[in-house]
Amino acid sequence: MTNDAVAYHFGMAPLAPLLLPWFDAHHRPLPWRTSRDPYRVWVSEVMLQQTTVAAVVPYFSRFLAAFPTVHALAAADEQHVLKLWEGLGYYRRARHLHAAAKALAASHPDALPDDPAVWADLPGVGRYILGAVLSQAFGRKLPIVEANSLRVLARVFGYRGDPREGAGKAWVWQAAEEVLPDERVGDFNQALMELGALVCSPSKPRCGECPLAAVCVANRDGLQDQIPPPKKAKEVVAVREVGVVVWDGPTLLLCRRPADADRWQNLWEVPHAEAGEGESDEAAAVRVVRELTGLRVKVGEVLTVVKHGVTRFAITLSVLGATRAAGRFRAGFYAEAKWVTPAELAGFPVSSPQRKLLTRLTEPRLF
Ligand code: SF4
């Protein structure tokens, strides 16, 4: 029988009476769980997208200390917001959160609204954020699907297709909606995610400790390793990049990416780009600085090499030192540039690979 022909009776085995007592006894005491304040719930859920709980905890506390209310966030400078997001990645989330805070502070100055239509119109608010915020903050009967709950639902109901794509995606959202209880919807949604994080792990789920073991099809049929099907391995492409630290006396050139850049929007960096095939590091460094900034430079030696990944690209970034020889900075590829001292670097929001290289470069032996 194909998946499409299987009738899933989501209501046959109500999950909430099994899951909620387990959640009450076993959930982690995380800082965003201390209140149902919609602003706190919202910030935490945006941070948690694509990021682990352990990574988010310190960021959440720092962010809430700096911006304790939606009005404080709305009034903040975007560079300050990005600085507090530095290292969490997916910076578009921060910029959307900031833009949405501005919109909400203006349209709903007294309290964040219990209104799905208002939230659905905000930048960065997709179906997951909508369900997570409104179910947890206001008890709205709205589903959530993310990596953990997706895995739990697919296993419990024995879904054999890929719930991350196409018809499978539609199936898992339907499942998430139909299993919702009438009461404690927010807790139930969190419980599904928590079970996936703590018990129903991708490999070697601990079914012996699972409150859903008696109703779980994957457990009954021994299909835990096959549901959900393993993700197809992405083809990794190696890329050689050259970055250049351009000095002018005691200062170095730091450039800001434009707001419409393909990634790392409005973050700062030293100029860098892919080297041509057969092009030496030195030749690439001269070309990259000229093309991206308009400056002529005299290139020195390789100072450090940083390896990092971006989507399916494995990037090896060789960073060379250089001195400014002629020309003035020209905006275009970058929105603006500043000549800064090494001591000032810590104040600029930068991406993780750039922070890594700047930290290495500020080690005394490299100056
Ligand atoms: S019984 Fe096992 S496979 Fe099923 S939901 Fe629980 S941990 Fe996951």
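Whatever order the structure lists them in is the order used to number ligands and atoms, beginning at 1.
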### Message
Within the structure provided, determine whether Tyr159 and Val217 are in side-chain contact (heavy-atom separation under 4.5 Å).
### Response
no
### Task
Could you tell me whether the side chain of Leu104 reaches within less than 4.5 Å of the side chain of Trp119, counting heavy atoms only?
yes
### Query
Taking NZ, NE, NH1 and NH2 as the nitrogens, is one of them in Asp281 or Arg240 under 4.0 Å from a carboxylate oxygen of the other?
yes
#### Entry: atom 4 (Fe) of ligand 1 neighbourhood, protein N/O/S only, threshold under 2.8 Å
Cys216 SG
### Member of Lys141, Arg140, Arg127 meeting the salt bridge (Lys or Arg N to Asp or Glu O under 4.0 Å) criterion with Glu177
Arg127
### Query
Taking 4.0 angstrom as the limit, do Asp187 and Arg184 come out as a salt bridge?
yes
### Query
Below 4.0 angstrom, N of the basic side chain to O of the carboxylate: do Lys338 and Glu344 qualify?
no
